[in-house]
Number of protein chains: 2
Amino acid sequence: MKTTIKDIAEKANVSFATVSRALNNHPRISSATKEKITKIADELNYKPNFNARSLVKKETKIIGLVLPEIQGDFFTEVIKGIDQVAHSGGYHVIVASSHSERSIAESIMSFMGESMVDGVILMIPAISDQLKEIIGVSGSTPVVIINGNHEIEDFDIVYIDNFQGAYSIIDYIIKNYNYTKIAHIKGPLKNNDALERFEGFKAALQDNGLELPDEWIINGDFNIKGGEIACSRLLSLRNKPEVIFAGNDMMAAGCYRAIKTYGLSIPGDIGVVGFDHTFLSELISPPLTTVHIPIFEVGKKAASLLLEKLKNKDHQPNQIKISTGIILGESCRKKLVGKSA
Amino acid sequence: MKTTIKDIAEKANVSFATVSRALNNHPRISSATKEKITKIADELNYKPNFNARSLVKKETKIIGLVLPEIQGDFFTEVIKGIDQVAHSGGYHVIVASSHSERSIAESIMSFMGESMVDGVILMIPAISDQLKEIIGVSGSTPVVIINGNHEIEDFDIVYIDNFQGAYSIIDYIIKNYNYTKIAHIKGPLKNNDALERFEGFKAALQDNGLELPDEWIINGDFNIKGGEIACSRLLSLRNKPEVIFAGNDMMAAGCYRAIKTYGLSIPGDIGVVGFDHTFLSELISPPLTTVHIPIFEVGKKAASLLLEKLKNKDHQPNQIKISTGIILGESCRKKLVGKSA
DNA sequence: CTGTTAGCGCATTCAG
DNA sequence: CTGAATGCGCTAACAG
C-alpha cells in the first residue's frame, strides 16, 4: 500500500490539509510542523500521487511529442534536446510516432482531448489544413511546431533556416570552386523543409547568373534509395552536371552509391553536396560537404518555447529561426576555370 | 469547457452513472439508452478525462521507457518497436533519457513512486545492485529489462544473444577466410553486452585453436573516437593482427578512419568486423562485415512482455533471447593459406 | 497558522 | 436495468 497524505497526517496528529501545505511549501505554515511533517513523510517514503494532483490542478506536467515516423539519428537528437529542457522544467515527455495505425491528427487529438498533456510539440513535414484546424481551437492546448514553413502566422514555430543554408552552400561552391553546372535532388513534394532548400538553391544560382535546365531537377524522397535512383538519372544525362546538391545527407549517401556504381570518383569526376550534417556525413568517404543543422538545439528551443507558453498563457506567437552552417568536407573541389570536369 | 459525463447525463436525462456504464460497455445496460448516450457523447465531442480515470482505476495506461542516454540510430528503432506495440495495446510511452542531471535510478523511482506509469522498460548497460533493489520491491511496478545479461533470475529480460553473435561471425571468418590473427576492441568495461561479445569472441578463437596475445585486446568505449584510438594502437604493434573485431559498428567506423590514416586498405591490408548492423555499416566503404541485431524486434518484444505482465499479474519471470545474424560485407576477405597479409 | 469542507471527473458499490 | 451515494488522493477555498 502506498502512503498517502492521510497516513502521514495521522502519524503527525494534524489534518491532511496541513500535510499538503507542508509538502508544497505553502507560505502560511510554521516551520516546526513543516519540519516534523517533512521528516515523517520521508520516513514513510511518501511520494505524491501524480494523477490526483493532475486532476485537481488541471495540469499533468507532461508534454506530448508527435513525430512523423521515427527513423535515423536525426530524431534522437531532437528528443534528447526536448527531454533535457523538459526535465529541468519539471516536465515529462510522452512520445507518439505516427505510423500506419495512427495518424498525426489522431495522436494530437488523443493527447489534447483526454487532457493527458499540458502542451504538444509537433514535428511534422507539412502543415495541412486539417491540422491547422485541430491546433487552432481556441483555448486548447498550447502547441509548438517544428517545421520548415515559418510563414504561417498565429502559430509558434521553430524552423530551420533552410533557405539560407541552401543558398550559402551553393553560393560558396560557385564562388570558391567555380562550379557552373549544378543539379538538385529535391525532397518529398509536400515537405516544407525540402521546398525551402529548393528555393534557396534556385536563388543562389540566379544571383550568380547560372542556368538551371529542367533535367537537372529531380524528385527525391529523403531516403537513400531515392537518392541513388535520382543520381543515376543525372549521371546518364548527355549534359551532366558537375556537382549534385542532394536535399539531405541520406540522399547524398545514395548519390555516393550511384556514382560508385558508375565507376566515377568524388569529387574528381563529380561533386556532391548534402544537407543536415548528420553523423553519417562524416563517416562516408570522402567526407560530405554539407549544411550543418544544430538539431539538438532545435529540440531545446522547441521545448523552451513550449514551457514559456505554458507559463505565460497570453504570450504572443513566436517564430524562432535556427541558423545553419557550412561544413566543408571533401566531396567538392576547386574546378579550374576554362576546363570542364 | 470540456464536456464531462455530467454534461451528457443532463442532456440525456439519465444519471451520470448510467453514462459511465454506457461508455464503458457495461453488460447491464439497455441497448436503447446506450445508443442514445453514445450519440450525445459524440455530438458533444466527449473525451474521457485521462487523469480522473487513472485515479479511480489505479492504472495510467502509460509505460515508462528509461534510456541510458539517447544517441545514434539504435535507440530510435527500439522506441519505434515499443511504441508500436504499446499503441496497439492502448498504452502511451513516456521516455526518460538519463543524463547528467538525472540518473537512471531517479527516473525509475520517479515513474514508479508517483504512480505515473503502469510499467517500466529499462534499457541499461548494466544492472547494479542498487537498481536490483529498486526494481525488486515486491508489489511494485512491473519492469522489463533490455540488457546483455540474462543470468539474473527473477527479472523479466529481453536480451540480445551477443555471445552467439560474436562466436558465429568470428568462427565464420576463421573457417572461411583463414584468418588466424584476430584482435578485439572491447566495449565499455561494465557493459554486459560488451562482455558477452568478448566471451563469444574468445570462445570462437579457442575452439579453433587460435592464440590471443594480450596486446590484441584493447579497451574501447563503443564510440567512434575510442575505436579510432584503439585501432591506431593495434596498427602500431610489431605483431599486427590480420583482422580487427570491433565491439560495435561505431568503433568499427573508428577503425576505418585509423586504417585510412595509416594509408592501409580494407580488407587488403587488414580486415574489420563490427557488431550491430546499424544503418551506418552499409554506408561506409567498404560495407562492413558485421553482426545483425533485429533492434526493432527488441523493442517490440520488450513491450509485448511488459503488456503481458500487466495483464497477468502473477506471471513468471521470462527471459527472451533475441537471435543475431551474420552480415557479410566487404571488409573481410579470404586469406590465402601460407601467405601472410 | 491550522482544521473543515468541497470538489476535480470518473468507476463502482449498493439500493431499488 | 438505472439512480444515488461513495471515494480515488490531492489542492484550495473558507473558517476559525
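Because the structure is a prediction, the values reported are computed rather than measured. Within every chain, numbering begins at 1; the chains are lettered A, B, ... in the order of the sequence lines, protein sequences first and strands thereafter.
- Using a 4.0 Å cut-off between charged side-chain N and carboxylate O, A:Lys311 and A:Glu308 make no salt bridge.
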Show the distances under 3.5 angstrom between N or O atoms of the protein and N or O atoms of nucleotides 13-16 of chain C.
{"unit_1": "C:dT13", "atom_1": "O4", "unit_2": "B:Arg21", "atom_2": "NH2", "d": "3.0"}

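- The list of ring pair (Phe, Tyr, Trp, His ring centres under 6.0 Å) pairs with a residue in residues 110-135 of chain B, not counting sequence neighbours, reads A:His92-B:Phe111.
- Side-chain contact annotation: B:Asp161 with B:Ser323, donor-acceptor N/O pair under 3.5 Å absent.
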Write out a two-atom table: protein N or O, nucleotide N or O from nucleotides 6-8 of chain C, distance below 3.5 Å.
{"unit_1": "C:dC8", "atom_1": "O3'", "unit_2": "A:Lys58", "atom_2": "NZ", "d": "2.9"}

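- Along DNA chain D, the nucleotide closest to A:Asn51 and the one closest to B:Val14 are compared, and the more 5′ of them pairs with B:Val14.
- In summary, contact between chain B and DNA chain D, defined as any nucleotide atom under 4.0 Å from a heavy atom of the protein, begins and ends at D:dC1 to D:dG9 in the 5' to 3' direction.
- Residues B:Leu310 and B:Glu59 form no side-chain contact, since every pair of their non-hydrogen atoms from C-beta on lies 4.5 Å or further apart.
- Contact check on B:Lys309 versus B:Asp156 returns a salt bridge, with a Lys/Arg side-chain nitrogen under 4.0 Å from an Asp/Glu carboxylate oxygen.
- Salt-bridge check for A:Lys39 with A:Glu35: failed, with every basic side-chain N at 4.0 Å or more from each acidic carboxylate O.
- The closest side-chain heavy-atom distance from A:Ile135 to A:Phe155 is below 4.5 Å.
- If you find the closest nucleotide of DNA chain C to A:Ser31 and to B:Asn24, the one lying nearer the 5' end belongs to A:Ser31.
- For B:Ala17, the side-chain contact (heavy atoms from CB on, under 4.5 Å) partners are B:Ser15, B:Arg21, not counting sequence neighbours.
- Among the atoms of the strands shown, base atoms are found under 4.0 Å from some heavy atom of B:Ser20.
- The residues A:Asp129 and A:Lys132 are annotated as salt-bridged, a charged nitrogen and a carboxylate oxygen being separated by less than 4.0 angstrom.
- Atom NZ of A:Lys61 sits in a crowded spot, with more than 12 heavy atoms from other residues, nucleotides or ligands closer than 6.0 Å.
- Taking side-chain N and O atoms only, A:Thr33 has no distance below 4.0 Å to OP1 or OP2 of C:dC1.
- Interface residues of residues 37-49 of chain A facing DNA chain C, ordered by number: none; criterion, heavy-atom separation under 4.0 Å.
- Looking at B:Leu122 and B:Ile146, their side chains never come closer than 4.5 Å, going by heavy atoms from C-beta outward.
- Between A:Thr18 and C:dT2, a side-chain N or O to OP1/OP2 separation shorter than 4.0 Å is absent.
- Between the side chains of B:Ser110 and B:Ser107, no donor-acceptor pair of N or O atoms lies under 3.5 Å.
- Within the 4.5 Å cutoff, side-chain heavy atoms of B:Asn51 are placed close to those of A:Phe50.
- Residue contacts for A:Thr4: at a heavy-atom cut-off of 4.0 Å it reaches the sugar-phosphate backbone alone, with no base atom in range.
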